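Just so you know, these numbers come straight off a predicted model, no measurement behind them.
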Amino acid sequence: MSSTADRLPRLLALVPYLMSHPGAQVGEVAAVFGLSEKQLIDDLQLVWMCGLPGHTPGDLIDVSWDGGEIIIDNAETIARPLRLGIDEASALLVALRMLSATPELAEFAHGDALPRVMAKLEQAAGEGAAAVSSQFAVDVESAPDAAARVREALVGGRRLSLRYYVPGRDEVTPREVDPTRLVVADGRTYLEGWCYRAEAMRLFRLDRMLTVEVLDVPADPPAGAEPIDVTQGVFRPSPTDELVVLEVTAAGRWVAEYYPYEQIEELGEGRLRVTLRARDEDWTLKLALRLGDTGRIVSPEAMAARVQREAERALSLYAQAS
């Protein structure tokens with residue numbers, strides 16, 4: 001018996017084939033697909049249960065094979081290749097752009113495969129998706145060999161010298177770090193290690209390392225240095241981070257569950273006023289845009305104005321696309 005993994009691709013190919021070969025014989029189609037006639041009949045009986053949502057007789061594919069001649073009807077929608085919507089294509093393109101810009105994955109890239117895939121997807125999806133996805137950019141020119149150098153230091157037990165970009169202060173700082181492990185959290189890869197500048201365990205994003213040098217010095221973190229818990233994300237607010245006040249609807253209450261907050265106030269009808277510390281303006285902007293109409297920034301006013309401008313710009317791109 002065929003597995004589900006075998007049958008699904010076959011069924012997806014079978015329906016368009018039958019649509020383009022009306023009146024094809026059971027034996028002929030079985031030979032084309034390398035099946036016995038019994039296997040083909042089993043597939044045709046499964047096709048009966050396929051179709052559009054609703055699942056009424058008018059929504060499902062109609063197929064018959066009386067006398068050995070296969071007749072298929074009501075399958076035009078499934079037989080026609082589907083086109084990605086702008087939101088679906090944009091999400092996929094943003095993910096591919098992020099993948100291509102991640103230094104730790106550079107060694108696994110194969111030539112120009114990713115750029116070619118993105119170009120074909122943009123062409124197929126239309127200008128709207130390309131315009132939206134092109135707003136994603138990586139501003140930091142990170143070290144292309146960061147992942148390799150970090151792994152070398154971890155395997156060899158050596159200290160690292162970094163030039164590290166700190167977006168919250170928009171500055172580059174020198175660091176000497178005794179590496180302990182690589183951590184993947186929030187979709188990013190981090191080096192965890194003892195930072196001699198901070199005199200504490202810290203996480204360093206690989207794509208913010210501008211230079212990485214393996215020193216001829218053994219890594220020797222203090223005995224009391226403990227791994228950082230990243231199960232709730234990597235963000236740990238600092239007392240010097242700016243306070244941001246948000247008002248969220250019932251659908252936006254997840255903010256108080258997902259991020260550490262300074263103060264919380266019930267406003268009734270499921271709404272909350274949440275006061276939290278933001279690592280930088282870009283982080284606050286992304287959070288506000290992610291909330292959409294389920295939340296708004298109350299203060300600082302300058303940040304609220306920036307969010308409004310960015311939201312209006314994003315909406316104008318969708319309007320141009322439509």
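The cluster map of Ile, Leu, Val, Met, Phe, Trp and Tyr, joined by side-chain heavy atoms under 4.5 Å apart, puts L162 and V217 in different clusters. Residues L215 and M209 do not share a hydrophobic cluster, clusters being chains of Ile/Leu/Val/Met/Phe/Trp/Tyr side chains in contact below 4.5 Å. L276 and L243 end up in different hydrophobic clusters when Ile, Leu, Val, Met, Phe, Trp and Tyr side chains are linked at under 4.5 Å. Cluster annotation: I71 is not connected to V29 through the hydrophobic network of ILVMFWY side chains, with a link wherever side-chain heavy atoms come within less than 4.5 Å.
A donor-acceptor pair under 3.5 Å is formed between the side chain of T180 and the backbone N or O of E192. A donor-acceptor distance shorter than 3.5 angstrom exists from the side chain of D178 to the backbone of D220, with no hydrogens or angles considered. R271 places a side-chain N or O within donor-acceptor distance of the main-chain N or O of L267, the cut-off being under 3.5 Å. Between the side chain of R10 and the backbone N or O of F33 there is no donor-acceptor pair closer than 3.5 Å.
When all heavy atoms of P16 and A13 are compared, the pair lying nearest together is CD-O, 3.4 Å. Taking both residues in full, the closest heavy atoms of A153 and P179 are given as CB-CG, 4.0 Å, listed atom of the first, atom of the second, then distance. The shortest non-hydrogen separation linking L203 to I228 is CG-CD1, 3.8 Å. Contact between V244 and I297 at its shortest, heavy atoms only, is CG1-CG2, 4.3 Å. Taking both residues in full, the closest heavy atoms of D216 and R158 are given as OD1-NH1, 3.5 Å, listed atom of the first, atom of the second, then distance.
You'll find the side chain of D282 stays beyond 4.5 Å of the side chain of T284, heavy atoms only. With a 4.5 Å cut-off on side-chain heavy atoms, D207 and Y165 do not count as touching. Between M201 and P227 there is no side-chain heavy-atom pair separated by less than 4.5 Å. With contacts defined as side-chain heavy-atom distances shorter than 4.5 Å, the pair Y17/V32 qualifies. Annotation: side chain of L272 is not in contact with side chain of V255 (no heavy-atom distance under 4.5 Å). Within the 4.5 Å cutoff, side-chain heavy atoms of R151 are placed close to those of L182. For the pair W65 and I41, the minimum side-chain heavy-atom distance is below 4.5 Å. Residues E176 and L160 fail the side-chain proximity criterion, which asks for heavy atoms closer than 4.5 Å.
Taking OG1 of T249 as the start and CD of E269 as the end, the distance is 11.0 Å to the nearest 0.5 Å. Here the CG-CG distance, from L191 to L154, works out to 6.5 Å after rounding to the nearest 0.5 Å. Here S161 contributes atom OG and R149 contributes atom CZ; the two are 12.5 Å apart, rounded to the nearest 0.5 Å. Here CZ of R208 is found 11.5 Å from CG of L206. Values are rounded to the nearest 0.5 Å. Note: I61 CD1 to D73 CG = 10.0 Å, rounded to the nearest 0.5 Å. One finds the CD atom of E37 at 11.5 Å from the CD atom of E28 (value rounded to the nearest 0.5 Å).
Under the 6.0 Å distance and 45° angle rule, R181 does not count as a cation-pi partner of W194.
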Derivation and outcome, side chain to side chain contact (heavy atoms under 4.5 Å, CB included), residues I70 and V63 = CA-CA 7 Å; I70 303 175; V63 61; 4.1 Å; yes
Exercise for the section: List the steps, then state whether side chain to side chain contact (heavy atoms under 4.5 Å, CB included) holds for R296 with V298. Expected result: CA-CA 6 Å; R296 69 183 185 93; V298 178; 4.1 Å; yes
query: Going through the distances and angles, do R163 and V212 end up as a side chain to side chain contact (heavy atoms under 4.5 Å, CB included)?
result: CA-CA 7 Å; R163 289 178 58 248; V212 184; over 6 Å; no
Requested in this report: Would you please test R277 and E242 for salt bridge (Lys or Arg N to Asp or Glu O under 4.0 Å) and show each step?
Outcome: CA-CA 5 Å; R277 293 195 179 272; E242 184 173 35; over 6 Å; no
Does the pair V245 and R273 meet the rule for a side chain to side chain contact (heavy atoms under 4.5 Å, CB included), with working shown? CA-CA 7 Å; V245 180; R273 179 177 290 115; 3.6 Å; yes
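Salt-bridge annotation for R313 and E310: present, with a side-chain N of the basic residue lying under 4.0 Å from a carboxylate O of the acidic one. Salt bridge E281/K286: absent, no basic N to carboxylate O contact under 4.0 Å. The pair K38-D42 meets the salt-bridge criterion, since a charged nitrogen lies less than 4.0 angstrom from a carboxylate oxygen.
The local environment of CD in Q263 is sparse, with at most 12 non-hydrogen atoms from other residues, nucleotides or ligands closer than 6.0 Å.
For the residue pair R159 and Y196, a side-chain donor N or O sits within less than 3.5 Å of a side-chain acceptor on the partner. If you check the side chains of T173 and R175, you find a donor sitting under 3.5 Å from an acceptor.
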